[in-house]
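In the text below, chain A, chain B and the rest are named by the order of the sequence lines, each starting its count at 1.
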Amino acid sequence: MTSFEDSVLLKNLNSEQKRAVLTTEGPLLILAGAGSGKTRVITRRVAWLIRQLGVHPARILAITFTNKAANEMKERIERLIGLESRGSWIGTFHSMMLRILRRYGSLLGYRSSFTIFDTTDQRRVMADVLKELKISERILSPREALAMISRYKNDDVSPEELESRSSGYYIDRQRVDIYRAYQKSLFEKNALDFDDILTQTLRLFREHPHVLENCQQQFTYILVDEYQDTNVVQYELIRLLSAKSRNLCVVGDDDQSIYGFRGATIRNILDFEDDFPDCTVIRLEQNYRSTKTILAAANQVIQENRSRKKKTLWTAHGEGEPILMYRAADHIDEARFIAREVQRRFQLADDHEEIEIAVLYRMNALSRNLEFALRELGIEYIIYGGTRFYDRAEIKDVTAYLSLIQSPEDEIAFRRVINQPRRGIGAVTLERLAEFAGQRGLTLFEAARRAGEDPDLARAAGRLTLFVKMIDTLRDALLSEELSFAEFVRMVEVDSGLIAYYQELKARGDVEAGSRLENLEELISDAIEFEARLDTESLDDIWELSHDDELREELITDRSLKGVLRLFLERAVLYTDQDKERETPKVSLMTVHSAKGLEFSTVFIMGAEEGIFPSMQSFQEPDGIEEERRLAYVAVTRAKRELIISSAVSRLLFGHTQYNPPSRFSDDISEDLVEKRGVYGGYLDSDGSDGMSSSEHGEFFRDMVNSVLKKRHAVEAQEDERVYKAVTSRQMDPLPKKESSGLDVSELKPGDTVRHVTFGIGEIQKITETGDDAILVIDFDGRIKRFMASQSALSIDE
DNA sequence: CGGGACAACTTTTTT
DNA sequence: AGTTGTCCCG
């Protein structure tokens with residue numbers, strides 16, 4: 001009984017898409033190729049469940065990859081069926097599981113308002129752990145240790161499990177110790193890290209079956225987007241949650257699985273049919289996004305992969321423009337080329353035409369040159385990724401103040417802001433304060449309040465109590481409810497002295513201070529917006545924001561500032577630049593990873609070189625190249641009308657000049673789809689067909705020769721020439737080792753003995769490959785030294 | 001205690 | 001190369 005209004009939900013869908021919307025019961029795998037109208041299908045499906053089948057929104061759990069994708073989905077569903085859709089659980093794995101944890105976390109021993117630690121917090125905790133265990137940072141950096149633990153967590157390996165499978169060797173035991181101590185430390189601080197949000201929820205389900213049962217009963221329809229990027233823990237969560245209803249719909253594309261490094265396993269999607277033998281499989285193979293040319297190129301790139309589900313995308317669109325490949329002389333030339341091309345497109349487009357241009361790269365470090373080139377031409381751009389807004393120092397300062405006001409026992413926040421801006425409370429004072437706090441069993445904040453009672457703190461007591469007073473005053477302001485939330489944030493920024501501090505820096509000519517002030521201003525705008533959302537949206541949506549019953553009660557009855565603050569802080573942790581709305585008239589600069597799920601009329605892919613894209617380290621990993629290839633596939637399929645791929649003969653990166661041959665992925669694209677420009681013919685050779693006038697050519701060559709030769713000595717240039725020839729003649733080691741040191745890193749391993757001119761005999765502790773070089777950590781009889789292999793005066797000790 | 005100078009680190013991708 | 005962190009001196 002399909003009414004007219006409801007049939008709208010099936011309008012403009014092809015037959016497979018329709019089937020995907022209508023197959024609501026039982027396990028369903030939707031293999032959705034790039035640009036195949038996936039989001040449309042998902043939103044229609046949810047709308048269909050609610051409107052047509054009368055499923056209560058709260059019974060629907062839809063998991064997306066980013067908060068932005070979630071918001072977009074909510075909006076689109078609301079556009080379809082209006083307010084009826086309110087109350088469904090749509091969000092990322094992290095935000096959805098966090099909601100569950102907030103509700104039941106006490107069962108795991110967490111106090112009600114546990115905090116989520118971000119990378120910086122984690123690093124601090126880990127640094128302490130390593131110090132405690134007397135492990136030198138030289139041997140294992142906090143960063144590496146955290147990466148290791150994250151790996152375990154993504155693979156659903158607890159400290160206990162790790163121990164049980166440990167070999168008993170020292171190195172294994174040490175890993176267990178680190179993992180244990182880290183978890184213990186987090187727990188004592190009543191904190192979880194990002195991965196814990198998922199692993200602890202899983203633990204909750206396993207140890208408290210009634211909780212799982214509650215959730216199973218609530219969520220009778222589960223939908224997971226980007227299923228190819230789920231990891232073992234996420235798979236397990238989904239499996240448990242859907243075990244009862246079995247109405248599990250997963251949507252994904254194995255060809256776009258690009259998060260292997262984060263523990264995502266492509267097996268989840270490849271094995272879905274084995275895991276759920278009675279499942280329905282639907283393939284969406286018609287592409288509505290790109291031209292035939294772009295799609296053909298994408299297919300050529302991906303078909304080289306072996307482990308994939310066979311599918312062939314097709315489009316009804318025309319051939320479109322050929323793919324432009326540009327081989328630049330160097331990284332600067334490449335950047336200028338892109339900037340010029342971007343400028344030309346902006347100039348040519350008429351006012352009403354919507355131009356969406358993106359430049360994609362494999363790693364953030366590549367954006368820098370491009371930024372300069374764009375600025376030279378006065379082109380506006382937005383960068384995604386890199387340092388996130390909420391990760392910026394000044395923003396983190398403000399949020400630390402806010403955290404401290406909210407929970408005075410938050411030691412990390414206390415330590416962050418106690419002397420930021422400077423108020424004469426240094427390391428010595430802090431150490432004494434910690435000691436005093438330890439003796440009395442006080443929090444640092446309370447200890448500061450009572451600093452006068454400790455003779456050791458006498459000199460700093462005045463400054464400490466002043467700080468305490470400031471925080472107390474701010475808390476009073478919070479509780480008095482006389483301010484709007486944004487006003488409160490502003491008050492914190494001013495009273496803390498941060499604003500004055502940066503204003504002074506700016507006055508003194510600090511170049512960064514200005515943008516920091518702008519960021520502080522932006523945080524206030526953010527607060528205004530956040531507050532407005534709370535004011536205008538229904539109670540259902542507040543329900544959506546938090547499942548802490550007490551807090552919800554607070555918000556419903558008096559909409560307290562305290563409650564708003566807590567929601568705000570919670571969101572700040574999970575918020576990333578990915579979630580920001582994209583503004584159109586500018587060029588977007590982002591990594592290929594960030595571009596997932598987006599589309600642009602014109603796409604540039606820069607740095608298409610061996611060693612960059614595919615990345616250096618992917619050569620080592622077992623399925624590394626396959627993942628890189630999928631990444632290339634994602635990059636190519638972002639383009640609707642036009643694709644430009646560039647590479648550079650020489651590239652200065654991380655202080656070393658590299659000479660990389662063009663990426664194998666660009667070689668996979670057949671000649672008939674491509675138009676080549678730049679120095680493909682050979683060194684310093686151009687066929688002149690690049691559309692530049694001869695004077696531009698003069699400039700072009702001068703720039704190129706300057707940048708290639710200027711900074712280097714003649715001897716080096718000779719060496720470069722030799723290297724370049726070796727590389728372009730396709731001997732596949734693009735990075736011959738320098739011979740000066742007489743040290744062949746490939747023959748070395750930890751434990752080997754080496755001789756240094758000044759330090760004498762030492763033992764190699766660790767070797768870290770760094771592209772064209774390696775870092776050696778060597779123990780000279782207790783003195784730990786680090787060397788760059790190519791530069792060091794080391795020899796193998798016979 | 002604060003600011004400046006130097007050293008060390010980055011080198012994939014991120015919820 | 002560029003940025004961040006640490007050490008030392010005023």
Novice: Using a strict 4.0 Å threshold on nitrogen-to-oxygen distance, state whether A:E226 and A:K596 make a salt bridge.
Specialist: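 Counted as a salt bridge, because a side-chain N and a carboxylate O are separated by less than 4.0 Å.
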
Novice: Quick check on B:dC1: is either OP1 or OP2 less than 4.0 Å from any side-chain nitrogen or oxygen of A:R423?
Specialist: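 For B:dC1, OP1/OP2 do not have a side-chain N/O of A:R423 under 4.0 Å.
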
Novice: B:dT14 C1' sits how many Å from A:M590 CE, rounded?
Specialist: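 These atoms are roughly 15 Å apart.
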
Novice: If you assign A:Q234 and A:S615 each to the DNA chain B nucleotide with the nearest heavy atom, which residue ends up on the more 5' nucleotide?
Specialist: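 Per heavy-atom nearest nucleotide, the more 5' residue is A:S615.
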
Novice: With the criterion set at under 5.5 Å between ring centres and under 30 degrees between planes, would B:dT15 be stacked on A:F194?
Specialist: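 A:F194 ring centre within cut-off of B:dT15 base, planes near parallel; stacks.
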
Novice: A:T92 has a side chain; which of B:dT15, C:dG2, B:dT14 sits nearest to it?
Specialist: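 The nucleotide sitting nearest to the side chain is B:dT15.
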
Novice: Taking the six-membered ring of A:Y259, is the NZ or CZ of A:R262 close enough (under 6.0 Å from the centre) and on axis enough (within 45°)?
Specialist: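 Yes - A:R262 lies over the ring of A:Y259, closer than 6.0 Å to its centre and within 45° of its axis.
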
Novice: What nucleic acid atoms does A:T429 come within less than 4.0 Å of, heavy atoms only: base, sugar-phosphate, or nothing?
Specialist: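 Counting heavy atoms under 4.0 Å across all strands, the contact made by A:T429 is with sugar-phosphate only.
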
Novice: Find the distance A:L192:CG to B:dT15:C1' and express it as a whole number of Å.
Specialist: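 One finds 15 Å between C1' of B:dT15 and CG of A:L192, rounded.
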
Novice: Remember a base hit wins even if backbone is also touched, and classify A:N419 as base, sugar-phosphate or nothing at under 4.0 Å, heavy atoms.
Specialist: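 Sugar-phosphate contact only - A:N419 comes under 4.0 Å of backbone atoms but never of a base.
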
Novice: Could you walk me through whether A:E236 and A:R239 satisfy the salt bridge (charged side-chain N to carboxylate O under 4.0 Å, His left out) test, starting with their C-alpha distance in whole Å, then the side-chain angles of each, then the deciding distance to 0.1 Å, before giving a yes or no?
Specialist: CA-CA 5 Å; A:E236 205 50 28; A:R239 194 182 63 83; 2.6 Å; yes

Novice: Between A:R143 and A:T64, just flag the one whose closest nucleotide in DNA chain B comes earlier from the 5' side.
Specialist: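 In this pair, the answer is A:R143.
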
Novice: State which of B:dT13, C:dG2, B:dT15 makes the closest approach to the side chain of A:R368.
Specialist: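 Of all the options, the side chain of A:R368 is nearest to C:dG2.
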
Novice: Quick check on B:dT14: is either OP1 or OP2 less than 4.0 Å from any side-chain nitrogen or oxygen of A:T591?
Specialist: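 Checking B:dT14 against A:T591, a side-chain N or O does come within under 4.0 Å of OP1 or OP2.
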
Novice: Is there aromatic stacking of A:Y259 on B:dT14 here, judged by a ring-centre distance under 5.5 Å and a plane angle under 30°?
Specialist: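 Ring-base stacking flag not set for A:Y259 and B:dT14.
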
Novice: Does A:N67 make a side-chain N or O approach to OP1 or OP2 of B:dT15 shorter than 4.0 Å?
Specialist: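 Checking B:dT15 against A:N67, no side-chain N or O comes under 4.0 Å of OP1 or OP2.
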
Novice: Tell me whether the NZ or CZ atom of A:R102 lies within the 45° cone about the ring axis of A:F114 and under 6.0 Å from its centre.
Specialist: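 Ring-cation test returns yes.
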
Novice: Any side-chain N or O of A:S594 below 4.0 angstrom from OP1/OP2 of B:dT13?
Specialist: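 A:S594 to B:dT13 OP1/OP2: no side-chain N or O under 4.0 Å.
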
Novice: For A:L631, report the nucleic acid contact type (base, sugar-phosphate, nothing); a contact means any heavy atom under 4.0 Å.
Specialist: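 No contact.
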
Novice: Need one value for A:F65: base, sugar-phosphate or nothing, where a base atom within 4.0 Å counts as base even if backbone is also close, heavy atoms only.
Specialist: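 A:F65: backbone/sugar contact only, no base atoms under 4.0 Å.
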
Novice: With a 6.0 Å cut-off on the ring centroids, do A:H593 and A:F261 count as close?
Specialist: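 Judged by ring-centre distance (under 6.0 Å), A:H593 and A:F261 do meet the cut-off.
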
